[in-house]
Asker: 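First the structure, which I've put down as structure tokens, then a few questions once you've had a look.
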Number of protein chains: 2
Amino acid sequence: MDTISRKEQIITTSAKLFRQKGFEAASMRDIAAELGIEAASLYSHIKSKDEILETICFRMADELIKAIDEVNDVYFNAEEKLATAIKNHVKIVTGDLDSSTVFLREWRRLSAGKLAEFIKLRNKYEDGFMQILVNGENENVFDAPDKKFAVLTILSAVNWITEWYSPKGNMTPDEIAEHLFRFITTGLRVKTTA
Amino acid sequence: MDTISRKEQIITTSAKLFRQKGFEAASMRDIAAELGIEAASLYSHIKSKDEILETICFRMADELIKAIDEVNDVYFNAEEKLATAIKNHVKIVTGDLDSSTVFLREWRRLSAGKLAEFIKLRNKYEDGFMQILVNGENENVFDAPDKKFAVLTILSAVNWITEWYSPKGNMTPDEIAEHLFRFITTGLRVKTTA
DNA sequence: CGGAATTACTAACGTTTGTTAGGTAAAAAT
DNA sequence: ATTTTTACCTAACAAACGTTAGTAATTCCG
């Protein structure tokens with residue numbers, strides 16, 4: 001039986017509290033209390049509070065980038081690419097809601113150096129989506145007057161699910177992804193038949 | 001010459017710093033330093049740090065609700081309503097980027113009582129958009145399988161502009177609103193002519 | 001002119017913060 | 001069986017926090 005290491009427990013618990021109260025408001029003493037130990041004991045496993053935040057943010061970033069790279073490598077059709085990219089994103093985000101929320105909300109509190117590094121990864125992920133839209137334009141299936149704008153808007157939509165998604169809700173991650181794909185590709189307007 | 005009251009200066013400066021560093025990370029001493037006074041002097045004008053956050057959040061909420069109510073009162077056509085609602089939202093948000101960002105990002109730090117009040121206003125605003133979608137469905141111009149979902153997605157898109165908009169950028173608020181309206185109503189997909 | 005606000009100050013308070021030092025008992029490794 | 005490592009502890013630190021008390025100078029108003 002492979003138990004989760006204490007370090008992982010600390011990270012998981014921290015993600016939960018960072019999401020609930022915010023990075024600054026959740027103290028080391030809060031985290032320790034949640035684990036039933038003293039604050040000072042945390043330092044047997046981690047170097048600093050900052051290190052916890054970095055671990056959470058960069059793990060999520062890496063996971064998302066790996067997913068979008070795979071999509072751009074494997075699929076050919078732009079529409080299929082977009083559908084899969086959205087599905088993957090929703091799956092990753094809903095799969096670890098605490099970490100995802102911290103990743104999306106608290107990355108600003110990263111230390112100066114790590115912040116620059118993080119933003120590079122963020123841009124890389126955005127570029128992955130950008131490539132899909134470029135493909136789509138070449139294939140004449142997608143059309144956006146401002147592709148950078150479109151990418152940011154798409155990501156805002158898929159990221160917002162962290163604000164309301166609950167595993168106990170009545171939509172599965174795949175259903176959410178489907179809804180989002182539909183909304184992003186066809187919008188609200190009723191198709192004027194013929 | 002009507003100078004801006006010191007209290008307003010404090011609120012404006014706080015909004016700027018709350019946006020930059022976050023509510024908890026921006027200290028009273030930071031705010032005071034920005035104004036060239038001592039931290040204790042702030043308390044001649046305001047009751048507490050919380051009061052500043054409350055003022056910022058509720059002002060923005062009131063302004064947005066006033067705008068959506070007006071739209072729902074004045075216009076008849078759902079499409080026109082949505083276009084105007086988005087235009088107003090973008091105008092308000094870009095008009096005071098610091099306050100808007102705090103309103104969108106830092107409202108979670110409101111004290112328990114004020115938080116509940118705030119969420120009510122937030123729901124009211126969402127209801128304003130919901131009504132537009134209901135109108136649109138009745139008029140047979142809009143079609144969304146899950147209207148609550150659609151409202152949240154629309155708002156996520158219009159709110160995300162605080163993350164990248166700059167007054168020095170090459171898009172005016174009206175142009176942004178137009179792009180958003182287009183994206184929200186027709187999506188990415190190329191219209192299959194005939 | 002004289003009293004009342006207004007706006008700022010210095011000094012200090014009690015808390016909370018992240019973190020370090022040094023120690024102890026149990027478990028694992030040799 | 002002895003050493004080493006792991007995982008926790010207590011105690012304490014220096015710094016930063018929001019805020020209060022009390023006071024002096026300036027401005028406003030009758």
Side-chain angles (χ1 to χ4, degrees), chain A residues 1-58 102 105-115, chain B residues 1-58 102 105-115:
Chain A
M1 51 169 167
D2 58 340
T3 20
I4 305 160
S5 80
R6 201 54 161 167
K7 181 161 183 176
E8 279 317 303
Q9 288 181 20
I10 291 173
I11 291 169
T12 306
T13 305
S14 299
K16 180 178 152 193
L17 290 183
F18 289 173
R19 178 185 175 204
Q20 261 172 36
K21 321 174 86 183
F23 174 68
E24 339 250 1
S27 72
M28 295 303 275
R29 282 165 180 84
D30 289 337
I31 296 165
E34 191 85 5
L35 291 164
I37 60 176
E38 291 299 316
S41 306
L42 295 170
Y43 290 84
S44 300
H45 306 94
I46 52 125
K47 274 211 298 281
S48 67
K49 193 185 183 187
D50 279 338
E51 191 205 17
I52 303 177
L53 181 62
E54 285 160 20
T55 305
I56 295 170
C57 288
F58 283 92
V102 172
R105 228 186 247 166
E106 307 291 335
W107 60 271
R108 275 169 252 269
R109 314 304 174 226
L110 287 168
S111 60
K114 292 289 174 180
L115 207 161
Chain B
M1 50 169 169
D2 59 339
T3 19
I4 305 159
S5 80
R6 201 55 162 167
K7 181 162 183 175
E8 279 318 304
Q9 289 181 20
I10 291 173
I11 291 168
T12 305
T13 304
S14 300
K16 181 178 151 192
L17 290 183
F18 289 173
R19 180 185 174 204
Q20 263 172 36
K21 321 175 86 185
F23 173 68
E24 338 250 0
S27 71
M28 294 304 273
R29 284 164 178 86
D30 288 337
I31 297 165
E34 191 86 4
L35 291 164
I37 62 176
E38 291 298 317
S41 306
L42 295 169
Y43 290 84
S44 300
H45 306 279
I46 52 125
K47 276 212 295 280
S48 67
K49 194 185 183 187
D50 279 338
E51 191 205 16
I52 302 177
L53 181 62
E54 285 162 19
T55 305
I56 295 171
C57 288
F58 282 93
V102 172
R105 229 187 248 167
E106 306 292 333
W107 61 270
R108 274 169 253 269
R109 313 306 173 223
L110 287 168
S111 61
K114 291 289 172 179
L115 207 160

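Each chain gets a letter, A, B and so on, in the order its sequence line appears, and its residues count up from 1.
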Asker: Would you say B:E54 and B:S111 make side-chain contact, with heavy atoms under 4.5 Å?
Answerer: yes

Asker: To the nearest 0.5 angstrom, please state how far the CD1 atom of B:I11 sits from the CD1 atom of B:I31.
Answerer: 10.5 Å

Asker: Nearest 0.5 Å, what's the SG-CZ distance between A:C57 and A:R105?
Answerer: 12.5 Å

Asker: Taking all non-hydrogen atoms of both residues into account, name the closest pair between B:R109 and B:F23 and its distance.
Answerer: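 Minimum heavy-atom contact is CB-CD2, 3.6 Å.
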
Asker: Is the closest side-chain heavy-atom distance between A:Q20 and A:D30 below 4.5 Å?
Answerer: no

Asker: List in numerical order all residues of residues 13-22 of chain A for which some heavy atom is under 4.0 Å away from an atom belonging to DNA chain D.
Answerer: none

Asker: Nearest 0.5 Å, please: how far is CD in A:E24 from CD in A:E106?
Answerer: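 Going from CD on A:E106 over to CD on A:E24, the span is 7.5 Å.
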
Asker: Nearest 0.5 Å please: distance from the CD1 atom of B:I52 over to the OG1 atom of B:T12.
Answerer: 10.5 Å

Asker: Minimum heavy-atom separation for B:L53 and B:V102, please, with both atom names.
Answerer: CD1-CG1, 3.7 Å

Asker: Could you pull out the closest heavy-atom pair between B:R29 and B:A39, with the gap in Å?
Answerer: CG-CB, 3.6 Å

Asker: For residues 39-53 of chain B, which residue pairs qualify under salt bridge (Lys or Arg N to Asp or Glu O under 4.0 Å), counting only residues two or more places apart or in two chains?
Answerer: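 Residue pairs with at least one partner in residues 39-53 of chain B: B:K7-B:E51.
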
Asker: Just how far is it from atom CG of B:L42 to atom CD of B:Q9, taken to the nearest 0.5 Å?
Answerer: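 It is 11.5 Å, given to the nearest 0.5 Å.
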
Asker: B:I46 CD1 to C:dT6 P: how many Å, rounded?
Answerer: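 In whole Å, C:dT6 P and B:I46 CD1 are 16 Å from each other.
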
Asker: Taking N or O atoms only and anything under 3.5 Å, show me the protein contacts with nucleotides 22-24 of chain C, one pair per line.
Answerer:
none

Asker: When every nucleotide of nucleotides 7-12 of chain C is labelled 5' to 3' by its protein contacts under 4.0 Å (heavy atoms), B for base, S for sugar-phosphate only, - for none, what sequence of letters results?
Answerer: SBBBBB

Asker: Please report the interatomic distance NE2(A:H45) to OG(A:S5), rounded to the nearest 0.5 Å.
Answerer: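 That separation rounds to 8.0 Å.
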
Asker: Taking the side chain as every heavy atom from C-beta outward, state whether A:I46 and A:M28 have any atom pair closer than 4.5 Å.
Answerer: yes

Asker: Under a 4.5 Å cut-off applied to non-hydrogen side-chain atoms, are B:F58 and B:K114 in contact?
Answerer: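 Side chain of B:F58 against side chain of B:K114, heavy atoms only: contact under 4.5 Å found.
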
Asker: Rounding to a whole Å, what distance do you find between B:E24:CD and C:dT16:P?
Answerer: 15 Å

Asker: So, B:E34 side chain and B:T13 main chain: donor-acceptor pair closer than 3.5 Å or not?
Answerer: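 Checking the backbone N and O of B:T13 against the side chain of B:E34, no donor-acceptor pair under 3.5 Å is found.
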
Asker: Between protein and nucleotides 25-29 of chain C, what N or O pairs are separated by less than 3.5 Å?
Answerer:
none

Asker: Hey, where on DNA chain D does chain B first and last touch, going 5' to 3'? Cut-off is any atom under 4.0 Å from a heavy atom.
Answerer: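 Under 4.0 Å from chain B, the extent on DNA chain D is D:dC17 to D:dT20.
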
Asker: Separation of A:L42 atom CG from C:dT17 atom P, in whole Å?
Answerer: 13 Å

Asker: Given atom CG of A:D30 and atom P of C:dT15, what is their separation to the nearest angstrom?
Answerer: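 Rounded to whole Å, this separation is 18 Å.
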
